[in-house]
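Notes to accompany the following structure.
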Amino acid sequence: MATSPRTNDLQRILADDAVALGILENAYDPSLVEFYGELGLDFVWIDLEHAGPSPWNGHRIEDLLRAADVGGTELLVRLPEPDPGTIRKALDAGVRNLFVSRIESADEVRRAVEASRFEYDGEPGKRGFASPRASRWGTTDDYAGTEDEEVVLGVTIENPTAVANIAEILAVPELGFVFAGPLDLAVSLGHPGEPTHDEVEEHVEEIREAALKADVPLGGLGFGMDDVNEKANAGYQILNLGSTTGALQSVVRSWLDDYEEA
């Protein structure tokens with residue numbers, strides 16, 4: 001008996017021109033992923049570039065995905081580089097929303113998106129066909145016919161070369177979104193640890209204006225809720241509110257500050 005195709009709530013939020021709110025879960029814990037879903041977050045960001053399990057560790061990723069399904073949220077998984085093999089592996093494990101780092105050109109972006117598709121830009125895609133978790137181990141009805149509609153693949157814009165090529169990158173067919181990365185932009189511009197440096201903000205604004213003009217969804221980091229609200233009003237559709245460790249740090253420090261010694 002065939003099961004119905006999987007669906008992607010984040011993809012629908014983007015298609016409706018609405019705003020998705022999420023958090024970076026940097027403890028990589030399935031219980032926290034599930035809990036964030038119960039709290040009503042639209043996505044939980046799992047960053048496999050800077051920490052966490054290997055992108056090739058399918059069992060760890062599957063556990064995080066199951067937690068997201070139970071909690072009613074979407075995983076947004078960042079890969080360390082636009083390697084087609086890694087992209088295919090993550091998608092087969094059941095990831096629906098990916099974004100890749102370390103891109104500089106439209107050709108790199110096109111190869112990444114093409115790796116996520118069975119059919120791409122009117123031609124055969126580069127995604128391999130198998131019966132992995134993404135197809136519920138071969139039980140999903142019309143897997144090949146529906147999967148391309150449910151997968152969202154974006155890229156991080158985090159260096160001056162990518163910013164210079166932003167118009168060509170945004171023109172890549174079926175690009176799901178671009179994510180402005182001020183922290184890595186700050187490093188590449190010679191201002192590490194200064195995401196609000198004038199030069200960094202100029203590059204981020206160039207990304208924003210180009211994405212809105214090209215009608216490609218834009219993602220970014222929120223530095224406090226005033227900044228989140230401002231960015232939502234400025235056209236951002238994917239906004240990260242903070243991180244697990246950041247939230248814990250804020251709350252625990254507030255408790256300690258409010259403690260009155262006897």
Next on the checklist: So, taking the atom named CZ in Phe43 and the one named CG in Leu21, what distance separates them when rounded to the nearest 0.5 Å?
Outcome noted: 7.0 Å

Next on the checklist: Could you tell me if the side chain of Val155 sits less than 4.5 Å from the side chain of Leu175, heavy atoms only?
Outcome noted: yes

Checklist entry - Honestly curious: do Leu239 and Val200 fall in one hydrophobic cluster under the side-chain, below-4.5 Å linking rule? => result yes

Checklist entry - Lys126 and Arg117: side-chain contact (heavy atoms from CB on, under 4.5 Å), yes or no, with the steps? => result CA-CA 6 Å; Lys126 299 293 186 182; Arg117 296 291 191 267; over 6 Å; no

Checklist entry - For the residue pair Val204 and Ala180, what are the closest heavy atoms and their distance? => result CG1-CB, 4.3 Å

Checklist entry - What is the minimum heavy-atom distance between Leu14 and Pro217, and which atoms define it? => result CD2-CB, 4.1 Å

Checklist entry - Salt bridge between Glu205 and Arg208, side-chain N to carboxylate O under 4.0 Å? => result yes

Item to check | Set of residues satisfying side-chain hydrogen bond (donor to acceptor under 3.5 Å, both in side chains) with respect to Asp148, sequence neighbours excluded | outcome: none

Checklist entry - If we only count heavy atoms from C-beta on, is the Phe177 to Leu218 side-chain gap below 4.5 Å? => result no

Item to check | Taking every non-hydrogen atom, the tightest pair across Pro82 and Ile103 | outcome: CG-CG2, 3.7 Å

Checklist entry - Going through the distances and angles, do Glu158 and Ser101 end up as a side-chain contact (heavy atoms from CB on, under 4.5 Å)? => result CA-CA 8 Å; Glu158 55 192 351; Ser101 298; 3.3 Å; yes

Item to check | Non-neighbouring partners of Asp184 that pass salt bridge (Lys or Arg N to Asp or Glu O under 4.0 Å), sequence neighbours left out | outcome: none

Next on the checklist: Quick test of your reading of the model: are Arg102 and Glu81 salt-bridged, counting only N-O distances below 4.0 Å?
Outcome noted: no

Next on the checklist: To the closest 0.5 Å, what do you measure between CG (Asp16) and CD (Gln11)?
Outcome noted: 9.0 Å

Item to check | Exercise: identify the closest heavy-atom pair between Ala214 and Leu170 | outcome: CB-CB, 3.9 Å

Next on the checklist: Working to the nearest 0.5 angstrom, can you tell me the gap between Ser243 OG and Gln249 CD?
Outcome noted: 8.0 Å

Next on the checklist: Pair Met225, Leu241 - check side-chain contact (heavy atoms from CB on, under 4.5 Å), show working.
Outcome noted: CA-CA 7 Å; Met225 288 312 299; Leu241 304 179; 4.1 Å; yes

Next on the checklist: Within the supplied structure, the quantity of interest is the number of heavy atoms (other residues, nucleotides, ligands) at a distance under 6.0 Å from Glu209 CD; does it exceed 12?
Outcome noted: yes

Item to check | Residues forming a side-chain hydrogen bond (donor to acceptor under 3.5 Å, both in side chains) with Asp227, sequence neighbours excluded | outcome: Lys231

Checklist entry - Hey, is the main chain of Thr7 close enough, under 3.5 Å, to the side chain of Arg12 for a donor-acceptor pair? => result no

Checklist outcome for this item: Here the gap from Leu248 atom CG to Arg253 atom CZ, rounded to the nearest 0.5 Å, amounts to 12.0 Å

Next on the checklist: For Glu74, run the side-chain contact (heavy atoms from CB on, under 4.5 Å) check against Asp42, Leu65, Asn97 and tell me which one passes.
Outcome noted: Asn97

Next on the checklist: Holding to side chain to side chain contact (heavy atoms under 4.5 Å, CB included), I want the full list of residues that pass it with Leu153, two or more places apart in sequence or in another chain.
Outcome noted: Ile87, Leu98, Ala112, Val113, Ser116

Item to check | Polar side chain donor-acceptor pair, Ser54 to Asn57, under 3.5 angstrom | outcome: no

Next on the checklist: Between Asn240 and Leu24 (side chain of the first, backbone of the second, donor and acceptor by atom type, cut-off under 3.5 Å), is there such a pair?
Outcome noted: yes

Item to check | Atom pair OH (Tyr236) and CD (Glu230), whose distance is rounded to the nearest 0.5 Å | outcome: 9.5 Å

Checklist entry - Are Leu91 and Val77 connected, step by step, through hydrophobic side chains (Ile, Leu, Val, Met, Phe, Trp, Tyr) whose heavy atoms are closer than 4.5 Å? => result yes

Next on the checklist: Restricting to side chain to side chain contact (heavy atoms under 4.5 Å, CB included), what partner residues turn up for Pro195, sequence neighbours left out?
Outcome noted: Pro182, Leu183, Phe223

Item to check | Listed once per pair and sorted, the ring-ring contact (aromatic ring centres under 6.0 Å, His included) pairs that draw on residues 196-220, sequence neighbours left out | outcome: His191-His197

Checklist entry - Does CZ belonging to Phe35 count more than 12 external heavy atoms closer than 6.0 Å? => result no

Checklist entry - Counting only N and O atoms by type, is there a donor-acceptor contact under 3.5 Å from the side chain of Thr73 to the main-chain atoms of Leu41? => result yes

Next on the checklist: Please say yes or no: joined through hydrophobic side-chain contacts below 4.5 Å, possibly via intermediate residues, are Leu48 and Val100 part of one cluster?
Outcome noted: yes

Item to check | side-chain contact (heavy atoms from CB on, under 4.5 Å), paired with Leu75, selected from Val33, Val95, Leu10 | outcome: Val33

Checklist entry - Can Leu64 be reached from Val44 by stepping across I, L, V, M, F, W or Y side chains whose heavy atoms are under 4.5 Å apart? => result yes

Checklist entry - At what distance, to the nearest 0.5 angstrom, does CZ of Phe99 lie from CD of Glu49? => result 8.5 Å

Next on the checklist: Whether the side chain of Gln237 engages the backbone of Ala18 through a donor-acceptor N/O pair (distance < 3.5 Å, no angle test) should be reported.
Outcome noted: yes

Checklist entry - Checking Ser131 side chain against Trp137 main chain: does a donor-acceptor pair fall under 3.5 Å? => result no

Checklist entry - Going by heavy atoms in the side chains, are Tyr28 and Pro53 under 4.5 Å from each other? => result yes

Next on the checklist: According to side chain to side chain contact (heavy atoms under 4.5 Å, CB included), who are the partners of Glu147, at least two apart in sequence or on a separate chain?
Outcome noted: Arg6, Phe118, Arg127, Ala134, Tyr143, Val151

Checklist outcome for this item: Heavy atoms of Ala211 and Val178 approach each other most closely as CB-CG2, 4.0 Å

Next on the checklist: Is there a side-chain contact between Glu25 and Ile46 in this structure, where contact means two heavy atoms from C-beta onward sitting under 4.5 Å apart?
Outcome noted: yes

Checklist entry - What are the two closest heavy atoms between Ser135 and Gly138, and how far apart are they? => result OG-N, 2.9 Å

Checklist entry - Side chain of Ser250, backbone of Gly246: donor and acceptor closer than 3.5 Å? => result no

Item to check | Pairing residues for Asp69 by the side-chain hydrogen bond (donor to acceptor under 3.5 Å, both in side chains) criterion, not counting sequence neighbours | outcome: Arg96, Arg133

Checklist entry - Thr161: what forms a side chain to side chain contact (heavy atoms under 4.5 Å, CB included) with it, not counting sequence neighbours? => result Glu104, Asn159, Asn165

Item to check | ILVMFWY cluster, Leu221 and Ile23 together (side-chain gap under 4.5 Å) | outcome: no

Checklist entry - Could you go step by step and tell me if Val163 and Leu185 meet the side-chain contact (heavy atoms from CB on, under 4.5 Å) rule? => result CA-CA 10 Å; Val163 176; Leu185 263 172; 4.1 Å; yes

Item to check | Pairs satisfying side-chain hydrogen bond (donor to acceptor under 3.5 Å, both in side chains), at least one member in residues 213-225, at least two apart | outcome: none

Checklist entry - Should the pair Arg66-Asp63 be classified as a salt bridge under the 4.0 Å nitrogen-to-oxygen rule? => result yes

Item to check | Contact list for residues 62-94, test ring-ring contact (aromatic ring centres under 6.0 Å, His included), sequence neighbours left out | outcome: none

Item to check | Hydrophobic cluster (4.5 angstrom, side-chain heavy atoms) - remaining members for Val252 | outcome: Val251, Trp255, Leu256

Next on the checklist: Under 6.0 Å between ring centres: does that hold for Tyr36 and Trp45?
Outcome noted: no

